[in-house]
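Counting starts at 1 for both ligands and their atoms, following the listed order.
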Amino acid sequence: MIYLDSAATTKPCAETVAAVAEAMRDSFGNASSLHRMGIRSEKIITAAKKTLLSKLGEGDIIFTSGATESSNTAINGAADIYRRTGNRIVTTAIEHPSVANVMTRLEEKGFEVVRLAPKDHPDFVQALADAVDEHTLLLSCMAVNNETGYAVDVKRLYRLVKKKNPKTIVHIDAVQGFLKVPLEGDLISISGHKIHASKGIGALYIKKGIRITPLLLGGGQQKNLRSGTEPVEIIAGLDAAVRAYHGTAEHFSALKQRLLERLSSLSGITVNSGEDCLPNIVNFSVEGVRSEIMLHSLEEREIYVSSGSACSRGKTSGVLAAFGIPDKLADSAVRVSMCADTTAEDIDALVAGINAGIERFRR
Ligand code: PLP
């Protein structure tokens with residue numbers, strides 16, 4: 001089996017599997033319990049927080065069910081608290097639905113939402129910062145796009161936004177960027193299952209001094225910012241995954257280069273992931289073969305890739321259009337996303353599979 005769909009989800013690493021099993025066996029106490037079993041669980045949570053903060057900076061962490069919950073909490077929670085400072089929200093046209101659909105809801109509630117597309121702005125970071133004015137309460141931008149790998153320099157973005165309006169809260173969806181690119185934000189969403197932890201666990205980083213209202217009300221766990229008994233087992237798994245993560249830019253760059261070289265020997269290939277994209281995600285279109293046809297053709301060889309985004313199954317992705325990719329190319333787009341274990345042989349088998357798909361299905 002050749003798994004090249006790590007942007008959709010990753011295989012849990014051995015360290016995560018071991019940590020989850022161990023916590024399930026030995027540390028199943030409720031972290032709110034006052035006895036020794038509770039304290040043991042609390043320690044696991046504190047250790048996991050420390051690991052995440054070592055990657056994200058000074059502040060606090062709340063554990064969530066995933067990045068969808070993190071971003072819903074961040075955006076709604078900040079809009080709630082900071083609406084006094086303005087009514088305008090700046091975001092992008094390439095966000096994942098977990099951000100984009102929250103923005104639509106806020107728009108319906110009367111917020112002004114401005115969405116910028118990379119295709120319209122050669123200096124996208126500057127354009128986002130320029131769109132911030134004195135009425136802008138929030139800017140939300142992803143660090144790395146899940147469909148193309150397009151990377152935004154969020155450190156520069158943060159600096160420029162704060163220069164324009166220090167009161168504007170910056171939220172970063174860092175699901176595809178965490179552990180891969182430098183990050184900075186007032187609120188940062190991350191997801192466990194994209195970095196070899198399990199599904200069902202995510203986190204929201206909250207910079208020191210930033211306030212939000214909770215999405216979930218209940219027993220007041222996690223400083224009342226996220227009620228519900230903490231899932232200590234999968235928090236232990238997230239901690240283990242972060243510590244074990246070993247993907248490197250060099251490894252991914254070498255594989256991307258190999259992939260592009262080999263693809264260039266096939267006819268009718270358009271690469272949609274340019275120089276401004278992280279090398280672990282490569283999106284390309286195969287002329288005359290629809291995405292789903294190619295996906296299933298590769299699947300017959302036990303090679304797993306995605307068509308566009310796994311989260312927009314069955315729907316045409318407006319995200320590729322926001323990059324200036326025409327519908328015809330989007331219809332035949334294949335997304336290959338790698339992990340630290342991806343090998344050169346995997347890439348060669350993929351290209352052989354693409355070639356076979358073209359010979360069989362190209363119209
Ligand atoms: N944001 C991005 C960029 C993603 O790629 C995804 C998942 O595909 C999400 C958010 C949602 O993450 P989760 O599955 O943890 O809710």
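- With no hydrogens or angles considered, no side-chain donor-acceptor pair links Arg335 and Thr148 at under 3.5 Å.
- No donor-acceptor pair under 3.5 Å is formed between the side chain of Ser41 and the backbone N or O of Ala31.
- Numbered from 1 in the order shown, with element, the atoms of ligand 1 that lie under 4.0 Å from a heavy atom of Met142 read 3 (C).
- The environment of NZ in Lys199 is crowded: more than 12 heavy-atom neighbours from other residues, nucleotides or ligands sit within 6.0 Å.
- Contact annotation: for Thr68 versus ligand 1, heavy atoms closer than 4.0 Å belong to both the backbone and the side chain.
- With His96, Glu147, His193 as candidates, the residue nearest to atom 14 (O) of ligand 1 on a non-hydrogen basis is His193.
- By the 4.0 Å N-to-carboxylate-O rule, Arg25 lies too far from Glu233 to be salt-bridged with it.
- Of the residues Ile61, Ile190, Ile212, the one that meets the side-chain contact (heavy atoms from CB on, under 4.5 Å) test with Leu204 is Ile212.
- Side-chain atoms of Thr10 and His193 form no donor-acceptor pair, as typed in the model, at a separation below 3.5 Å.
- Atom OG of residue Ser332 and atom CD1 of residue Ile293 lie 11.5 Å apart, to the nearest 0.5 angstrom.
- At least one heavy atom of Ser98 sits under 4.0 Å from some atom of ligand 1.
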For residues 173-180, tabulate all N or O donor-acceptor pairs below 3.5 Å that involve a side-chain atom, not counting sequence neighbours.
unit_1	atom_1	unit_2	atom_2	d
Asp173	OD1	Val175	N	3.0
Gln176	NE2	Ala7	O	3.0

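- Using a 4.0 angstrom heavy-atom cutoff, Lys199 does not count as in contact with ligand 1.
- The closest heavy-atom contact to atom 2 (C) of ligand 1, among the options Ile201, Asp173, Ile281, comes from Asp173.
- Remark: ligand 1 atoms within the under-4.0 Å shell around heavy atoms of Ser191 are 13 (P), 15 (O).
- Inclusion of Ala67 in the set of residues having an N or O under 3.5 Å from an N or O of ligand 1 is warranted.
- Distances from ligand 1 to the non-hydrogen atoms of Glu95 include no value under 4.0 Å.
- Only the side chain of Lys194 comes within contact range of ligand 1, with a heavy atom under 4.0 Å; no backbone atom does.
- Near Gly66, meaning under 4.0 Å from one of its heavy atoms, ligand 1 places the atoms 15 (O).
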